[in-house]
There are 2 protein chains.
Amino acid sequence: MTSEDAATQADVLAQPQSRAGRNGRQAATIYDIAKLAGVSPSTVSRALNKPGRINIKTEERIHAAAKQLKYRLNPMARALPTGRTNTLGMLLADITNPVFSTVVRGAQREAAERGFTLIIAESQESGQREVLSAGNVLPSVDGIILVGARMSDEEIKDFAEQKPLVVINRFLPDVETIIPDLDPGIDQALAHLADLGHTSIAFLAGPTNSWMSGARSEALRKHSERRGLTLTEIGPGVPTLDGGRAAFPRVVASGVTAVVAYNDLMAIGLLRAAQEADYLVPGRLSIVGFDDIFGSDFTSPPLTTVRTPLALMGELAVRRILAMVGSRSDGDSPSGASSDLVNLTTELIIRRSSGRAAR
Amino acid sequence: MTSEDAATQADVLAQPQSRAGRNGRQAATIYDIAKLAGVSPSTVSRALNKPGRINIKTEERIHAAAKQLKYRLNPMARALPTGRTNTLGMLLADITNPVFSTVVRGAQREAAERGFTLIIAESQESGQREVLSAGNVLPSVDGIILVGARMSDEEIKDFAEQKPLVVINRFLPDVETIIPDLDPGIDQALAHLADLGHTSIAFLAGPTNSWMSGARSEALRKHSERRGLTLTEIGPGVPTLDGGRAAFPRVVASGVTAVVAYNDLMAIGLLRAAQEADYLVPGRLSIVGFDDIFGSDFTSPPLTTVRTPLALMGELAVRRILAMVGSRSDGDSPSGASSDLVNLTTELIIRRSSGRAAR
DNA sequence: GTTAATTTGTCAAGCGATTGCCAAAATGTG
DNA sequence: CACATTTTGGCAATCGCTTGACAAATTAAC
């Protein structure tokens with residue numbers, strides 16, 4: 001056995017264990033291209049990434065070879081030396097909730113447009129699971145978007161130190177956040193309710209660990225005081241149809257004529273409970289939701305709700321992250337990334353679940 | 001200086017390492033652990049992946065070091081030598097459609113449970129864009145799930161040769177597919193309609209490039225013939241609320257007393273158009289949808305629809321892919337992966353958009 | 001025609017894991 | 001106590017791509 005034979009055999013052994021198993025014609029690498037085009041791999045890499053760095057003719061030859069071999073860059077392999085994965089992670093509290101699907105949609109489209117891939121993970125409303133998931137995706141993404149984070153401020157900050165991170169629907173000092181301006185929508189809602197003669201209203205709160213529920217409660221309190229309305233808080237409750245449903249008895253007991261729910265899901269749940277109890281909406285009870293999710297205009301009566309620019313928020317989150325990622329290496333765009341040309345405002349959508357107050 | 005001192009000092013040295021840019025204390029690697037534990041990197045790798053392969057005491061020491069450094073495995077780095085990414089790609093025709101969100105939910109949960117990550121991409125109902133996305137995610141996933149694929153059979157097969165692939169809601173020979181059994185639901189729907197005195201019904205078709213639309217049309221035709229019902233097909237149309245809305249005039253013109261729509265979105269759109277035109281549902285027109293998406297029971301009247309086990313299908317898709325991935329290397333589970341203990345059946349959910357036929 | 005400046009492409013060292021092969025250490029056997 | 005086994009851990013190559021440093025080739029300048 002000559003040494004060449006030995007090499008050959010070693011070579012054979014080194015082959016990735018019969019990777020052509022059940023399926024899998026092997027993907028072409030830059031080495032294959034290099035061989036075909038008669039250049040070195042590094043030249044291929046340059047031809048593909050730094051147009052102009054090498055001779056135009058070889059560049060063309062390389063591109064041709066790449067096409068011929070149906071070359072596809074391996075993102076994992078690229079990620080190793082560069083540290084950039086071109087992937088973003090999005091953590092949702094609950095995929096089931098249409099609110100989140102809308103945010104995902106906005107984010108996904110924006111990410112795709114910028115050539116980024118979106119990974120999604122769900123925490124199922126648990127802070128613990130959230131920390132876990134975040135940790136899991138962390139190494140494989142360039143940035144993380146938290147939607148309705150359930151973990152603690154410290155935990156979030158901890159992650160924010162490791163990778164660019166933006167939080168949707170929750171405020172945190174020193175962390176990029178995306179929060180719509182609640183004031184216009186809430187003010188309109190309260191004005192609308194006051195116009196209809198309501199003087200005593202209730203807020204159907206969401207989970208305690210939801211920052212946004214607190215914010216809505218707060219804003220509601222502020223504006224109702226200003227308008228001289230009485231505000232009762234019912235809850236906390238789970239932010240789902242069932243959560244809204246379950247609150248119905250307490251709503252009735254509270255004696256209010258109007259309810260603003262933490263979100264549309266709860267509003268709709270409440271609405272249905274009311275209907276099942278032949279409790280007229282809006283005759284005896286006006287209901288206002290939050291977010292204007294898909295389907296909130298299907299109900300009967302269609303839901304009056306404070307619309308939140310969900311898709312836009314997802315989009316914006318991606319843009320922010322990308323700005324952070326970029327400025328990390330390029331040091332290019334002056335850090336004024338947070339300057340929003342976009343205005344994240346809320347507005348009241350009046351439909352028919354709100355009406356004149358019963359007396 | 002004893003070796004313990006050395007370890008301690010190594011500990012100190014292992015700190016910050018100044019690579020911190022704008023953010024980013026550097027993630028610990030197995031090399032860091034190795035240094036801290038006083039072993040070689042390969043030993044660390046073994047300790048972490050092949051419990052029992054090394055001495056229990058060193059293994060413990062390594063685990064302690066890993067915890068101390070908050071070690072997190074880098075999936076990219078692992079993917080390179082192993083070829084396995086622990087990531088699955090899911091391609092949707094349209095994220096906006098609640099049908100798809102439900103499938104995503106099922107898939108995401110199952111994937112998470114099995115320790116896999118889900119990447120999602122959207123083709124926005126375009127075959128071209130779909131091929132592109134598929135190609136893009138291909139190198140970074142262990143398998144691909146296509147939901148409502150819009151690309152050609154050949155293109156799908158092409159991808160199927162490169163990576164494990166399963167297709168939801170579309171049939172293709174020689175490719176793993178997940179398709180619910182339409183017969184029970186459709187038969188029930190037709191029986192229900194016939195019972196109510198309808199003799200002439202219409203199918204509101206979806207896009208031509210949707211295999212599922214064809215399948216539903218086909219099954220409808222088969223069962224209505226058997227029952228002696230007249231079936232008209234209206235369409236094709238876009239599978240959205242607007243698509244359903246747009247079809248209203250043609251439905252009226254066709255003179256049928258009942259319509260089965262390609263999906264709930266179209267059904268709901270049609271329903272709303274009818275209401276706006278004061279065309280009574282179900283008084284003058286009965287409407288049956290498909291899928292039972294979120295919100296289809298919110299409408300008024302609530303939608304009668306053929307339910308599809310969407311979440312289950314997503315879940316199953318993940319299980320299938322995982323079985324394929326597994327059998328590729330392990331050669332473990334006998335290829336009877338396709339044996340479904342699960343039954344993917346459809347059933348009619350009777351609500352109030354269907355009623356006695358007008359004559 | 002010689003030297004300086006510029007282009008173009010190759011070398012080789014990583015990135016963070018995994019793994020076959022082998023040597024040293026520990027254990028068992030007669 | 002010498003020798004055969006089994007454990008345990010390290011070496012080094014590899015996955016596919018990027019990139020700083022440098023040499024060869026080409027072009028420009030004098």
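Computed from a predicted structure; not experimentally measured.
An OP1 or OP2 oxygen of C:dG16 is reached within less than 4.0 angstrom by no side-chain nitrogen or oxygen of B:R78. OP1 or OP2 of D:dT18 has not a single side-chain nitrogen or oxygen of A:Y31 nearer than 4.0 Å.
With rounding to whole Å, A:N74 atom CG is found 13 Å from C:dC15 atom C1'. The distance between atom NZ of B:K50 and atom P of C:dA17, rounded to the nearest whole Å, is 14 Å. Whole-Å rounding puts the B:N86 CG to C:dG16 P distance at 20 Å. Put simply, CD1 on A:I30 is 10 Å from P on D:dG16, counting in whole angstrom units. Atoms CG (B:L48) and P (C:dT19) sit 13 Å apart, rounded to a whole Å. If you measure from atom CZ of B:R84 to atom C1' of C:dT18, you get 13 Å, rounded to the nearest angstrom. For B:K35 and C:dA17, the NZ to P distance is 13 Å, given to the nearest whole Å. One interatomic measurement links the two molecules: OH of A:Y71 to P of D:dG16, which rounds to 10 Å at whole-angstrom precision.
Within the 3.5 Å criterion, the main-chain N or O of B:S45 finds a donor-acceptor partner in the side chain of B:N49.
Scored by the side chain to side chain donor-acceptor pair (under 3.5 Å) test, B:S140 finds no partners at all (sequence neighbours excluded). Residues passing the side chain to side chain donor-acceptor pair (under 3.5 Å) test with A:S40 are A:S42, A:T43, sequence neighbours excluded. Scored by the side chain to side chain donor-acceptor pair (under 3.5 Å) test, B:T177 finds no partners at all (sequence neighbours excluded). Listed by chain and number, the residues in a side-chain contact (heavy atoms from CB on, under 4.5 Å) with A:L138 are A:I144, A:F159, A:Q162, A:K163 (sequence neighbours excluded). Not counting sequence neighbours, B:R46 has no partner by the side chain to side chain donor-acceptor pair (under 3.5 Å) test. Residues passing the salt bridge (charged side-chain N to carboxylate O under 4.0 Å, His left out) test with B:R114 are B:E110, sequence neighbours excluded. For A:K35, there are no side-chain contact (heavy atoms from CB on, under 4.5 Å) partners two or more places apart in sequence or in a different chain.
When distances run from any side-chain atom of B:N49 to the nucleotides C:dT18, C:dG16, D:dC17, the shortest one goes to C:dT18.
The side chain to side chain donor-acceptor pair (under 3.5 Å) pairs that include a residue from residues 55-67 of chain B number zero, where partners must be two or more places apart or lie in different chains.
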Side-chain donor-acceptor pairs of residues 115-125 of chain A under 3.5 Å, sequence neighbours excluded:
unit_1	atom_1	unit_2	atom_2	d
A:E122	OE1	B:R109	NE	2.9
A:E122	OE2	A:I95	N	2.9
A:E122	OE2	B:R109	NH2	2.7
A:S123	OG	A:L92	O	3.3
A:E125	OE1	A:R150	NE	2.7
A:E125	OE1	A:R150	NH2	2.9
A:E125	OE2	A:R150	NH2	3.4

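Within residues 53-62 of chain A, the residues having any heavy atom closer than 4.0 Å to DNA chain C are, in order of number, A:R53, A:I54, A:N55, A:T58. Only A:S42, A:S45, A:R46, listed by number, bring a heavy atom of residues 37-47 of chain A to less than 4.0 angstrom from any atom of DNA chain D.
At its two ends the helix from C:dG1-D:dC30 to C:dG30-D:dC1 runs along axes set 40° apart, each axis drawn from five pairs and the angle rounded to 10°.
Annotation: side chain of A:V167 is not in contact with side chain of A:E176 (no heavy-atom distance under 4.5 Å).
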